[in-house]
S.K.: 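Structure below; questions to follow.
When a ligand or atom number is given, it counts from 1 through the structure's own listing order.
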Amino acid sequence: MDNYSAPANYHPRNNLLQGKTILVTGAGDGIGRAASLCYARHGATVILLGRTADKLEAVYDEIEAAGCPKPALVELDLATATEENCINLASGLAGEFDHLDGILHNASVLGERRPIESAGYAAWEEVMQVNVNAQFLLTRHLLPLLQAAPSASIIFTSSGVGRTGKAYWGAYAVSKFATEGFMQVLASELENTSKIRVNSLNPGATNTSMRRSAYPAEQPDSNPSPDEIMATYLFLMGDDSLGVTGRAFSAQ
Ligand SMILES: NC(=O)c1ccc[n+]([C@@H]2O[C@H](COP(=O)([O-])OP(=O)(O)OC[C@H]3O[C@@H](n4cnc5c(N)ncnc54)[C@H](OP(=O)(O)O)[C@@H]3O)[C@@H](O)[C@H]2O)c1
C-alpha cells in the first residue's frame with residue numbers, strides 16, 4: 001500500500017479551518033483531544049464526540065478559554081450506539097448546522113492482544129463495533145450534511161497493523177484493515193460525483209494511553225506527543241488537500 005504524507009515542512013495558515021464545522025470522534029483524550037484543540041485553534045467549530053462527559057467538557061472549556069469558536073459536545077458511547085442513535089445525531093446536527101465540512105474518525109479501542117486461537121468473541125465484537133460498525137453508521141447518516149458543504153473531508157484513522165498484519169494484534173488489526181477498505185470503497189464511490197474527499201491516516205507511534213497500554217515496557221516519551229503530529233491532520237482537513245482522495249497517509 002502506498003504511504004502518502006503532507007508536503008514536506010507543511011505550514012498551514014492560522015485560519016486554515018475558519019468557518020468550517022468538523023466532527024471529531026474520541027475527542028476527549030489522546031490524538032482526538034489534540035486534533036480537536038488544533039482544529040479549533042485554526043478556526044473550526046469542532047463537534048466533540050466521545051463517551052466520557054468530563055473529558056469532553058475539559059476539552060470544551062480549553063477551547064472556550066483560548067477564545068476559539070464555541071464547540072459543540074456530543075456524548076455517545078460507540079460501543080452501544082445504535083443506528084437510531086446515529087440517525088438522531090444526524091438530525092440534531094442538521095438542526096444546528098446547515099452543513100458539515102469534515103469528520104475525523106479517531107475513536108478506537110485496542111481490545112485483546114493475544115493469539116487468534118485464544119481470542120474471545122465478546123472482545124472481538126466490541127472492537128468491531130467501535131472501530132468499524134460505528135464508523136459506518138456515523139458516516140452513512142452524516143453523508144447528507146457533508147454533501148451540503150462546498151467541499152468536505154473524511155479522515156479515517158488507521159494503524160501500521162492495518163496495513164501489514166502482525167501476530168497478536170487480533171481484532172484491532174483486522175478492524176484497521178476494514179477501515180482502510182471502507183476508505184477505499186467510499187472514496188471510489190464519491191470520486192466523480194461529489195466534493196467529498198476520503199483518506200486514511202496512520203498516526204504512527206504516539207504517546208497516548210492506547211500506546212502505553214499496548215507497549216507497557218516502552219519509555220513513553222520515546223514517542224512524539226499527539227500535539228507534535230498534527231501537520232497531516234491539518235493538511236487533510238483543510239482546503240490544501242482539495243482533490244486528494246482514496247489515499248493512505250502517515251503522520252510520521
Ligand atoms: N497512539 C498510537 O501510537 C496510535 C498508533 C496507531 C494508530 N492509533 C489510532 O489513533 C486513534 C487515537 O488513538 P489514541 O492513541 O489517541 O488512543 P486513546 O488515547 O486511547 O484515545 C482513544 C479515544 O477514543 C475514545 N473511545 C474509545 N472507545 C470509545 C467508545 N466506545 N465511544 C466513544 N469514544 C470512544 C476514547 O474515549 P475515553 O477517553 O472516554 O475512553 C478516547 O477519547 C485510534 O484510532 C488508534 O487506533 C494510535
Side-chain angles (χ1 to χ4, degrees), residues 3 23-38 46-60 62 73-82 85-86 89 103-113 122-123 125-139 154-166 169-180 182-183 199-216 218-230 232-233 236 248-252:
N3 245 330
L23 177 90
V24 178
T25 71
D29 207 346
I31 295 167
R33 173 184 175 280
S36 299
L37 290 162
C38 178
V46 183
I47 302 165
L48 306 163
L49 186 150
R51 65 178 166 182
T52 310
D54 57 355
K55 289 186 180 182
L56 295 174
E57 282 158 12
V59 179
Y60 185 106
E62 215 174 317
L73 196 153
V74 177
E75 197 183 329
L76 184 65
D77 185 344
L78 299 175
T80 52
T82 61
N85 293 148
C86 295
L89 169 65
I103 302 179
L104 171 60
H105 285 293
N106 162 82
S108 279
V109 286
L110 191 57
E112 297 182 315
R113 295 277 320 280
E125 264 194 313
E126 190 199 348
V127 171
M128 291 301 165
Q129 167 60 29
V130 174
N131 298 9
V132 182
N133 300 346
Q135 255 177 188
F136 159 72
L137 288 174
L138 288 173
T139 305
I154 303 176
I155 304 174
F156 288 103
T157 305
S158 187
S159 166
V161 296
R163 293 178 179 172
T164 305
K166 206 170 160 190
W169 281 83
Y172 177 82
V174 174
S175 76
K176 295 298 187 180
F177 271 91
T179 295
E180 294 283 1
F182 187 18
M183 178 278 283
N199 295 284
S200 68
L201 177 53
N202 169 20
T206 309
N207 185 6
T208 66
S209 59
M210 182 184 286
R211 178 75 193 184
R212 291 189 293 274
S213 71
Y215 292 89
E218 188 177 68
Q219 191 62 34
D221 58 13
S222 62
N223 295 312
S225 72
D227 292 334
E228 291 174 276
I229 62 157
M230 285 296 122
T232 315
Y233 283 81
L236 285 175
F249 278 78
S250 292
Q252 300 184 50

S.K.: Less than 3.5 Å apart, any donor N or O on the side chain of Ser213 or Arg113 sitting next to an acceptor on the other?
M.R.: no

S.K.: Contact between Tyr233 and Pro203 at the side-chain level, heavy atoms closer than 4.5 Å - yes or no?
M.R.: yes

S.K.: Polar-atom distance check: Leu78 versus ligand 1, any N or O pair below 3.5 Å?
M.R.: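 Checking ligand 1 against Leu78, an N or O pair does fall under 3.5 Å apart.
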
S.K.: Quick one: look at Leu76 and ligand 1, take heavy-atom pairs under 4.0 Å, and tell me if it's side chain, backbone, both or neither.
M.R.: backbone

S.K.: Could you point out which residue of Asp29, Val109, Leu110 forms a side-chain contact (heavy atoms from CB on, under 4.5 Å) with Met210?
M.R.: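 The single option meeting the side-chain contact (heavy atoms from CB on, under 4.5 Å) with Met210 is Leu110.
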
S.K.: Closer than 4.0 Å to some heavy atom of Val109 - which atoms of ligand 1 meet that?
M.R.: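 The list of qualifying atoms is 27 (C), 28 (N).
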
S.K.: Just distances here: any N/O of Gly26 and N/O of ligand 1 closer than 3.5 Å?
M.R.: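 Checking ligand 1 against Gly26, an N or O pair does fall under 3.5 Å apart.
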
S.K.: Could you tell me whether the side chain of Ile47 reaches within less than 4.5 Å of the side chain of Val24, counting heavy atoms only?
M.R.: no

S.K.: Does Asp77 reach ligand 1 with a nitrogen or oxygen that is under 3.5 Å from one of the ligand's nitrogen or oxygen atoms?
M.R.: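 In this structure, Asp77 places an N or O atom under 3.5 Å from an N or O of ligand 1.
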
S.K.: Identify, by atom number and element, the atoms of ligand 1 in contact range of Val130, meaning under 4.0 Å from any of its heavy atoms.
M.R.: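 Those of ligand 1 that fall under 4.0 Å from Val130 are 31 (N).
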
S.K.: Is Glu126 close enough to touch ligand 1? Criterion: a residue heavy atom under 4.0 Å from a ligand atom.
M.R.: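 No, Glu126 has no heavy atom closer than 4.0 Å to ligand 1.
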
S.K.: If the cut-off is 4.0 Å to any non-hydrogen atom of Ala205, which atoms of ligand 1 fall inside it?
M.R.: 3 (O)

S.K.: Please work out which of Gly30, Gly32, Ser108 has its closest non-hydrogen atom nearest to atom 22 (C) of ligand 1.
M.R.: Ser108

S.K.: Is Thr52 in polar range of ligand 1, meaning some N or O pair under 3.5 Å apart?
M.R.: yes

S.K.: If we only count N/O pairs under 3.5 Å, is Asn106 in contact with ligand 1?
M.R.: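 N/O-N/O distance below 3.5 Å exists for this pair.
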
S.K.: Is it possible for you to check whether Arg212 lies under 6.0 Å from the centre of the six-membered ring of Tyr215, through NZ or CZ, and within 45° of that ring's axis?
M.R.: no

S.K.: Polar contacts were defined as any N/O atom of the residue lying under 3.5 Å from an N/O atom of the ligand; does this apply to Leu49 and ligand 1?
M.R.: no

S.K.: Using a 4.5 Å cut-off on heavy atoms from C-beta on, say whether the side chain of Thr179 contacts that of Thr157.
M.R.: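 Side-chain contact under 4.5 Å: no.
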
S.K.: Starting from atom 15 (O) of ligand 1, which protein heavy atom do you reach first, and at what distance in Å?
M.R.: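 Nearest protein contact, heavy atoms only, for atom 15 (O) of ligand 1 is Thr208 OG1, 2.5 Å.
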
S.K.: What residue and atom, counting heavy atoms only, is the protein's closest point to atom 21 (O) of ligand 1, and at what distance?
M.R.: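 Result: Asp29 O, 4.2 Å.
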
S.K.: Can you pull out the closest protein heavy atom to atom 19 (O) of ligand 1? Residue, atom name and distance to 0.1 Å, please.
M.R.: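 Nearest protein contact, heavy atoms only, for atom 19 (O) of ligand 1 is Ser209 OG, 3.4 Å.
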
S.K.: Is the shortest side-chain heavy-atom distance between Thr206 and Asn223 below 4.5 Å?
M.R.: no

S.K.: Counting both backbone and side chain atoms, is some N or O of Lys55 under 3.5 Å from an N or O of ligand 1?
M.R.: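 Yes; the residue has a nitrogen or oxygen that sits under 3.5 Å from a nitrogen or oxygen of the ligand.
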
S.K.: Would you call Glu62-Arg33 a salt bridge at under 4.0 Å N-O?
M.R.: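 Counted as a salt bridge, because a side-chain N and a carboxylate O are separated by less than 4.0 Å.
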
S.K.: Please could you name the atoms of ligand 1 that Ala79 approaches to less than 4.0 Å, counting only its heavy atoms?
M.R.: 31 (N)

S.K.: Which ligand 1 atoms, with their elements, are less than 4.0 angstrom from a heavy-atom of Thr157?
M.R.: 9 (C), 10 (O), 11 (C), 45 (O)

S.K.: Can you find a heavy atom in the side chain of Ile229 that is under 4.5 Å from one in the side chain of Gln252?
M.R.: yes

S.K.: Is the shortest side-chain heavy-atom distance between Leu49 and Leu78 below 4.5 Å?
M.R.: yes

S.K.: Give the residue, atom name and distance (to 0.1 Å) of the protein heavy atom nearest atom 37 (O) of ligand 1.
M.R.: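 Looking only at protein heavy atoms, the one closest to atom 37 (O) of ligand 1 is Arg51 NE, 3.8 Å.
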
S.K.: Would you tell me whether Ser250 and Asn3 have side-chain atoms, one donor and one acceptor, within less than 3.5 Å of each other?
M.R.: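 A donor-acceptor contact under 3.5 Å links the two side chains.
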
S.K.: May I ask you to identify the nearest protein heavy atom to atom 3 (O) of ligand 1, giving residue, atom name and distance to one decimal place in Å?
M.R.: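 Here the nearest protein heavy atom works out to Thr206 N, 2.9 Å.
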
S.K.: How far is atom 8 (N) of ligand 1 from its nearest protein heavy atom, and which residue and atom name does that atom have?
M.R.: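 Of the protein heavy atoms, Pro203 CG, 3.4 Å lies nearest.
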
S.K.: Just to verify, what does Arg51 make a salt bridge (charged side-chain N to carboxylate O under 4.0 Å, His left out) with, not counting sequence neighbours?
M.R.: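 Checked Arg51 against salt bridge (charged side-chain N to carboxylate O under 4.0 Å, His left out); zero matches.
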
S.K.: Can you name the one residue among Lys176, His105, Glu180 that meets side-chain hydrogen bond (donor to acceptor under 3.5 Å, both in side chains) with Ser158?
M.R.: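 With Ser158 as partner, Lys176, His105, Glu180 yield a single side-chain hydrogen bond (donor to acceptor under 3.5 Å, both in side chains), made by Glu180.
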
S.K.: Using a 4.0 Å cut-off to any heavy atom of Tyr172, which atoms of ligand 1 qualify?
M.R.: 7 (C), 8 (N), 9 (C), 46 (C), 47 (O)

S.K.: Considering heavy atoms of the protein only, find what lies nearest to atom 24 (O) of ligand 1 and give residue, atom and distance to 0.1 Å.
M.R.: Ala107 CA, 3.4 Å

S.K.: Taking the side chain as every heavy atom from C-beta outward, state whether Phe156 and Asn199 have any pair of such atoms under 4.5 Å apart.
M.R.: no

S.K.: Is the shortest heavy-atom distance from the side chain of Phe182 to the side chain of Thr139 under 4.5 Å?
M.R.: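 Heavy-atom side-chain distance check passes, below 4.5 Å.
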
S.K.: What is the nearest protein non-hydrogen atom to atom 5 (C) of ligand 1, stated with its residue, atom name and distance?
M.R.: Gly204 O, 3.5 Å

S.K.: May I ask whether Ser158 has any heavy atom positioned less than 4.0 angstrom from an atom of ligand 1?
M.R.: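 Contact present.
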
